[in-house]
K.L.:
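I'd like to ask you about the structure that follows.
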Amino acid sequence: MDFKRERLQVFFKISQVFIALAFAVLFIALMVYLYVDEVTYNLIMLILVVLVFIIILFSALLIYIIATAYRAGRINKTFALFINKFIKIVMSIAIDLVSILRIDKNIMRSFFVDINNIIVNSVNPKSENDKILLLVPHCLQWAKCGYKVTNDPSNCKRCGKCDITRILDIAERYNIKICIASGGTMARKAIQENRPKLIISVACSRDLIHGILDIDNIPVIAIENTTPEGPCINTKVEVDKIEDAIKQVIINRNG
């Protein structure tokens, strides 16, 4: 089973649980409405029934749009703007449900990383090079390297033993700002200081989702790293994806 299909199946499982809960609430509300005589109370319950029914219809529509977009790998710009207003709420609920159901959270996180990128790509944001911020995790650095690059990326000796060398080459080629972050606090500080219009972020699915949920009003193109030696040590990334993302959004390449 490929990753895309597995992620979509997990999303459908979570969606079914959410819809089932909504129908359970609707059923209870209907029972109360049918068997309680007080006029005022009936009116309140009728309103609740209508609201729950609207939520079910809205949720079903949202699930359909998300699933269709995921399968196609693209989405109409109008739908993208619509989904973008609610996707963070859906993310939070889905990941909480995954925990309850004891399903691998990373599958659901990766699914929403993909959905986030589909939405961003559909909106097709553009930015000057000096308003793009590239965020990469320090775990991409070779673990035995004696040079600290988190505070100053120029400390990198470009030995080629990790992906940091190629990433710095790309950042220099396109003249964009880069932050090699040791954690979320450092990443948030870089965002506050640089005030970018667009962020290209490399991290594990967990950190990417946390970042997407934390950042408001700034498009984030999210690129997952891989962990061949385990989490947070000598991680890897498809560097070409970083350059492709830059080419997609950059307006100019001059300083």
Side-chain angles (χ1 to χ4, degrees), residues 1-32 48-75 79-80 82-122 137 139 183-184 187 201-216 220-233 235 237:
M1 183 186 298
D2 59 44
F3 288 125
K4 187 171 183 179
R5 183 180 176 187
E6 184 181 28
R7 292 169 187 174
L8 188 60
Q9 286 181 346
V10 171
F11 172 71
F12 276 132
K13 286 181 182 178
I14 299 304
S15 301
Q16 289 168 7
V17 172
F18 181 75
I19 294 295
L21 289 173
F23 269 112
V25 173
L26 177 61
F27 177 77
I28 292 170
L30 278 171
M31 292 302 98
V32 173
L48 289 175
V49 168
V50 172
L51 286 176
V52 171
F53 186 68
I54 291 172
I55 290 171
I56 291 173
L57 288 179
F58 178 79
S59 300
L61 175 62
L62 198 59
I63 290 166
Y64 173 77
I65 293 173
I66 291 173
T68 302
Y70 190 77
R71 284 182 173 136
R74 63 183 185 277
I75 186 174
F79 283 142
F82 169 74
I83 290 178
N84 197 43
K85 294 180 182 296
F86 304 99
I87 195 66
K88 291 185 178 182
I89 299 172
V90 176
M91 279 185 195
S92 300
I93 294 172
I95 291 172
D96 287 341
L97 284 174
V98 162
S99 300
I100 295 171
L101 297 174
R102 297 182 180 180
I103 299 173
D104 186 358
K105 285 184 180 180
N106 287 327
I107 297 175
M108 195 76 266
R109 289 168 178 154
S110 295
F111 175 84
F112 280 114
V113 167
D114 292 342
I115 286 295
N116 169 80
N117 289 341
I118 289 170
I119 292 172
V120 172
N121 291 339
S122 298
C139 59
S201 180
V202 178
C204 62
S205 59
R206 181 195 64 183
D207 289 348
L208 287 174
I209 289 298
H210 286 168
I212 291 168
L213 291 174
D214 284 345
I215 298 169
D216 291 320
V220 178
I221 297 176
I223 301 171
E224 281 192 67
N225 61 3
T226 58
T227 56
E229 298 183 33
C232 304
I233 182 169
T235 59
V237 66

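Heads up: numbering here begins at 1 and tracks the sequence.
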K.L.:
Please check: side-chain N/O of N225 versus main-chain N/O of C204, any donor-acceptor pairing under 3.5 Å?
P.N.:
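Judged by distance alone, yes, a pair lies under 3.5 Å.
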
K.L.:
Run the side-chain contact (heavy atoms from CB on, under 4.5 Å) check on T235 and T226 step by step: do they pass?
P.N.:
CA-CA 6 Å; T235 59; T226 58; over 6 Å; no

K.L.:
Could I get the full list of side-chain contact (heavy atoms from CB on, under 4.5 Å) partners for L57, not counting sequence neighbours?
P.N.:
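Counting only residues at least two positions away or on another chain, L57 forms a side-chain contact (heavy atoms from CB on, under 4.5 Å) with F53.
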
K.L.:
Kindly compute the distance separating CE (M91) from CZ (R109), expressed to the nearest 0.5 Å.
P.N.:
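So the gap between those two atoms works out to 12.0 Å.
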
K.L.:
When rounded to the nearest 0.5 angstrom, what distance separates OH in Y64 from CD1 in I66?
P.N.:
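Here the interatomic distance stands at 13.0 Å.
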
K.L.:
Just wondering, are more than 12 heavy atoms of other shown residues or ligands nearer than 6.0 Å to CZ in F79?
P.N.:
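No - once you tally the heavy atoms of other residues, nucleotides and ligands closer than 6.0 Å, there are 12 at most.
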
K.L.:
For I119 and A80, work out which heavy atoms get closest and say how close.
P.N.:
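It is CG2-O, 3.7 Å.
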
K.L.:
For the atom pair CD (Q16) and CG (L101), what is the distance rounded to the nearest 0.5 Å?
P.N.:
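Interatomic distance, Q16 CD to L101 CG, rounded to 0.5 Å: 10.5 Å.
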
K.L.:
Can you check side-chain contact (heavy atoms from CB on, under 4.5 Å) on E6 and I107, steps first, answer last?
P.N.:
CA-CA 7 Å; E6 184 181 28; I107 297 175; 3.4 Å; yes

K.L.:
Determine the interplanar angle of the F11 and F111 rings, folded into 0 to 90°, and report it as parallel if under 30°, tilted if 30 to 60°, perpendicular if over 60°.
P.N.:
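Aromatic pair F11/F111 classed parallel.
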
K.L.:
Between atom CD1 of I14 and atom CZ of F18, what is the distance when rounded to the nearest 0.5 Å?
P.N.:
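Atom-to-atom, I14:CD1 and F18:CZ are 11.5 Å apart.
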
K.L.:
Are there over 12 heavy-atom neighbours, none belonging to F27, within less than 6.0 Å of that residue's CZ?
P.N.:
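Count not over threshold, so no.
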
K.L.:
Does the side chain of F112 come within less than 4.5 Å of I212's, by heavy atoms?
P.N.:
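They are not in side-chain contact.
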
K.L.:
Rounded to the nearest 0.5 Å, what's the gap from CG on N84 to CD1 on I75? Could you check?
P.N.:
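Nearest 0.5 Å value for the CG-CD1 distance: 10.0 Å.
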
K.L.:
Does a side-chain heavy-atom distance below 4.5 Å link I63 with I19?
P.N.:
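A side-chain contact under 4.5 Å exists here.
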
K.L.:
Take a 6.0 Å sphere around NZ of K88 and say whether it holds more than 12 heavy atoms from other residues, nucleotides or ligands.
P.N.:
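Enclosed: over 12 neighbouring heavy atoms sit under 6.0 Å from NZ of K88.
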
K.L.:
Please say which of N106, L208, I118 ends up in a side chain to side chain contact (heavy atoms under 4.5 Å, CB included) with V113.
P.N.:
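Considering N106, L208, I118, a side chain to side chain contact (heavy atoms under 4.5 Å, CB included) with V113 is found only for L208.
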
K.L.:
Where do L26 and I56 come nearest, in terms of heavy atoms and distance?
P.N.:
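Heavy-atom minimum between the residues: CD2-CD1, 3.9 Å.
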
K.L.:
Would you give the length of the straight line joining atom CG of D207 to atom OG of S201, rounded to the nearest 0.5 angstrom?
P.N.:
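The CG atom of D207 sits 8.5 Å away from the OG atom of S201.
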
K.L.:
For atom CZ of F12, is the number of surrounding heavy atoms from other residues, nucleotides or ligands below 6.0 Å larger than 12?
P.N.:
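Result for CZ/F12: enclosed.
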
